[in-house]
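To start, the structure under review is shown below, and the notes come after it.
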Amino acid sequence: MPRMNDALAWPQEGGDARAAPALSPDHPLLRGLNPEQLAAVTLPPRHALVLAGAGSGKTRVLTTRIAWLLATGQVGPGGVLAVTFTNKAAREMLTRLTAMLPLNVRGMWIGTFHGLCHRLLRAHHASAGLPATFQILDTQDQLSAVKRLLKAAGVDEERLASKELQAFINHAKEDGLRPHDLVPRDPHTRLKIELYQRYEEQCQREGVVDFGELMLRSYELLRDHRPLREHYQRRFRHILIDEFQDTNRLQYAWLKLLAGEVEDGRFLPCGNAVMAVGDDDQSIYAFRGARVGNMADFVREFGIEAPIKLEQNYRSVGHVLRAANHLIEHNRQRLGKRLRTERGDGEPLRVVELASDFEEAQWVVEEIRQLLRDGVPAHEIAVLYRSNAQSRALEGALFQAGVPYRVWGGLRFFERAEVKHALAYLRLLDNPRDDTSFLRVVNFPPRGIGARTVEQLQQAAREAGCALADAVTLVGGRGGAALTAFVAQLDVMRERGAGLALADLVRTVLDDSGLLAHYRGERDGAERIENLEELVAAAHAFVQQEGFGRDAPGAAPVADADGETTSPLAAFLTHAALESGDHQAQAGQEAVQLMTVHAAKGLEFDAVFITGLEEGLFPHENSLTAHDGLEEERRLMYVAITRARQRLYLTWAQTRMFHGSTRYHIPSRFLDELPADSLQWLSPPRGRGWGAPQPAWGRSALGQDDVRPAGLAGLPPAAAAAPQAPVSAAGAAIRTGMAVFHPKFGEGQVLAVEGRGADARAHVHFRRHGPKWLALAVARLTPVE
DNA sequence: CAAACCGGAATTTTT
DNA sequence: TTCCGGTTTG
């Protein structure tokens, strides 16, 4: 336990009071801030809500605020609590802060919700009812724990899917609810509550906590231990939260506790100040428990008179912002905010309609090649989509064209199977009761312990009420012997590792466990071995970075910032669990970036393509049933638009492969919600057919780019796309791009041909009658020379 | 124990 | 269509 009277926080007590602050507005820290930013940075100590629009310099404000508070002696490093959602954001804050001020970063509480909760729980594990060695279950581990539980309870997957139970548990925790807080409305819910209860018992027995538990347990720790709570309430004079719109119920409750709430809505005047920074228009994580409503609640409960609005955008040109503002005004539930720029109009958004997802991909790639020829760096080009499945067509086209690209998403480093196996061995060294890890590697690499034996072991452990590792002697026969040998092997590893530096310990485990040997013998094992080598390197780097000292023995206790002790191994395991690592070794830096709109949040690019702008896809059909689902989709579109600095493309395709069959789509309603005079249709505007004044699709009609040489391809979409295989109808081969004649509709151009045989259909734009789908078996279409 | 086979599901994601 | 997980088969 840290000493409760720590000379924490504020300089008056810490004895490091600085000279009277230079409060003049020309203080070097304040240089270049606009009036709103300045107001936020220099606000006197009181609660505040900062509504920070996209690209408004939010991170700068947050970090400068902290720097300002420190530099002016209003608070010491120990008195600041700054919370983010991602490690990346926390890291960035720290980096920028240390660039502004010479600081001892180690004493500062800047981190993710989960990282900080973890820190609290480690420091006060006994009060929280946790063993000192408790370990963290990631999502995968949690699911296997749930599956195991269901099996033990004799509930089969038919009756209750493991994923459903997992989601149930997580949502309950996000709302701060324990099993006894839940009311069973029906038998199914009753079952889930019952299993939630048993899940908790299982985790407790095994000494593991899932992500939700980190949050909930530390909330309860503060709630139920008054001296401790008051200690931290006194300590943290300034609490800052980033991305406040993404907080869930529990996270908000946690913040309120630290801010001095004693009981529902009643606050102790403990003199601290909470600065919540967020953007309700960028709230896109309701599906994982985020509650935009926390912003309005915050205003009410913390007595905010007027939020500080950061509406000056430093990222995008006028047309982009106008489109974003216009779109988001279709949402009803908003705090209200309007982005402005001083960067000039720039060029209008380019809207393109294509016949199929395939042609969309082709078109995008052609356009990308032109951008590259114009000198736009590849990493400044992003292709965004609503769902991951859409990346396939794009990847195919990029690959064929030889354009280097990088897809975001997929498995992260610490989530790879081989890495998880290695980590499971390491976890068992620290905590032999970790049954999830035990089961993961008990027969991996294969060592003759089959399903039957494991079954027996689980049975025995259940009956004895002990961990699997402690039950091995209870299993007889050949299986029992193999199990005992396995546990003995772990013991040997533990002993051998005791005197080693972390990286050497990891290497020893890789060898002794047989993992390396196993993958060496596998055909596709090379990459896995590389990753395991990478793990050794990561352990080494971790020790260096965390300052554990080069020669610190693996098990030697090392003091952390608050005088707590953790072994390097335990710290490394935490690191692996809380920071799942990069998305993939970046295959070549200079690459076009492909990602979902969600993944693009917080990023910016010179040129952005938003693809798949179709009803059912974006907005996604599944979202329409959810409460406020459409508004969230619209916010998602808002996020997508505001990623672009200069040039923004919006594409949609009439047909798309969806679950293996072709689906016909109409354009997204979001296209209709954009200001027409900020759009430049590169294909015929919908509903106007060819009769309308030719807009077009020529270079001449394009917006004048005042920032970057335009030089875009301006291709006619369908005509430029690769011709499809001919489909013959009534003897004549109808192909994409071809001019055709129909006895009733007259002349037109084929935009797409799809299907085969009797089902073959063509999408034709007729001069007089607009776009039509025609069955080739029926329609009398003839090619025009 | 690995390969082969079948059925079902297929937004979005960080910790 | 593709991917995953589960089961069956060699």
Side-chain angles (χ1 to χ4, degrees), chain A residues 83-90 111-118 136-144 147 156-158 161-163 167 170 173-174 209-216 218 242-243 246-248 250-251 283-290 357-358 384-393 396 408-412 414-415 417 443-452 518 521-523 574-581 583 595-602 612 616-626 629 632-633 635-637 639-640 656-663:
Chain A
V83 198
T84 64
F85 273 88
T86 64
N87 290 298
K88 193 178 160 200
T112 62
F113 273 105
H114 293 85
L116 296 171
C117 285
H118 173 261
I136 301 168
L137 287 189
D138 68 14
T139 312
Q140 289 175 37
D141 295 336
Q142 186 193 31
L143 184 61
S144 52
K147 281 184 176 164
D156 84 89
E157 194 86 12
E158 300 274 297
S162 49
K163 284 248 173 71
N170 289 337
K173 291 188 181 185
E174 280 156 12
V209 296
D210 58 45
F211 289 130
E213 188 70 21
L214 282 174
M215 243 1 276
L216 183 49
S218 83
D242 192 16
E243 306 280 17
D246 289 338
T247 49
N248 61 35
L250 177 59
Q251 286 160 336
S283 164
I284 55 173
Y285 285 112
F287 69 91
R288 65 178 202 213
D357 49 349
F358 179 79
L384 309 184
Y385 36 80
R386 179 65 179 79
S387 67
N388 285 304
Q390 288 167 255
S391 76
R392 182 154 304 139
W408 288 56
L411 278 195
R412 327 274 253 349
F414 288 113
E415 294 166 353
N443 196 35
F444 194 91
R447 48 174 71 88
I449 299 174
R452 176 76 39 81
H518 175 79
E522 226 179 36
R523 282 173 303 289
T574 296
H575 171 76
L578 288 184
E579 189 156 353
S580 26
H583 261 297
M595 67 193 85
T596 63
V597 179
H598 281 94
K601 189 171 167 224
L617 193 60
F618 200 0
H620 200 280
E621 54 201 0
N622 295 2
S623 72
L624 300 181
T625 53
E632 175 142 326
E633 291 289 299
R635 292 192 289 264
L636 196 52
M637 180 66 182
V639 167
R656 187 174 293 276
M657 276 306 237
F658 216 73
H659 302 173
S661 56
T662 306
R663 280 214 341 198

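In what follows, chains carry the letters A, B, and so on, assigned in the order in which the sequence lines appear, proteins first and then strands, with residues in each chain numbered from 1. Side chains included, hydrogens not; waters and symmetry mates left out as well; all remaining heavy atoms used.
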Next on the checklist: Within 90° of 0 counts as syn, otherwise anti: where does B/dT12 fall?
Outcome noted: anti
Checklist entry - Quick one: does A/E632's side chain have a donor or acceptor within less than 3.5 Å of a partner on A/G629's backbone? => result no
Checklist entry - With nearest nucleotides of DNA chain B determined for A/H598 and A/T112 from heavy-atom distances, which residue corresponds to the more 5′ nucleotide? => result A/H598
Checklist entry - Which distance, rounded to the nearest 0.5 Å, do you find between the OG1 of A/T112 and the NZ of A/K88? => result 15.0 Å
Next on the checklist: If I take atom CZ in residue A/F414 and atom P in nucleotide B/dT14, what distance separates them, rounded to the nearest angstrom?
Outcome noted: 16 Å
Pick out the pairs of N or O atoms, protein on one side and nucleotides 7-11 of chain B on the other, that lie under 3.5 Å.
unit_1 : atom_1 : unit_2 : atom_2 : d
B/dT11 : OP1    : A/N622 : ND2    : 3.3

Next on the checklist: When the P atoms of C/dG5 and B/dT12 are compared, how many Å lie between them, rounded to an integer?
Outcome noted: 16 Å
Can you give me the N/O atom pairs linking the protein to nucleotides 2-7 of chain C at distances under 3.5 Å, or say none if there are none?
unit_1 : atom_1 : unit_2 : atom_2 : d
C/dC3  : OP1    : A/R392 : NH2    : 3.2

Item to check | Spacing between A/I284 atom CD1 and B/dT14 atom P, to the nearest angstrom | outcome: 10 Å
Item to check | Beyond-backbone contact of A/R663 with A/L617, side-chain heavy atoms, under 4.5 angstrom | outcome: no
Checklist entry - Taking atom P in both C/dC4 and B/dT13, what distance in whole Å separates the two? => result 15 Å
Next on the checklist: Are A/F618 and A/L636 packed together at the side-chain level, in the sense that at least one heavy-atom pair is separated by less than 4.5 angstrom?
Outcome noted: yes
Next on the checklist: Does A/R412 form a side-chain contact (heavy atoms from CB on, under 4.5 Å) with A/E579? I'd like the steps, not just the answer.
Outcome noted: CA-CA 10 Å; A/R412 327 274 253 349; A/E579 189 156 353; over 6 Å; no
Checklist entry - In terms of ring plane angle, is the pair A/Y285 and A/H598 parallel, tilted or perpendicular, where the classes change at 30° and 60°? => result tilted
Item to check | Interatomic distance, A/N87 CG vs B/dT13 C1' [rounded to whole Å] | outcome: 14 Å
Checklist entry - Using the ring of each side chain (for Trp, its six-membered ring), is A/F658 parallel, tilted or perpendicular to A/H620, with breaks at 30° and 60°? => result tilted
Checklist entry - B/dT14 C1' sits how many Å from A/L116 CG, rounded? => result 15 Å
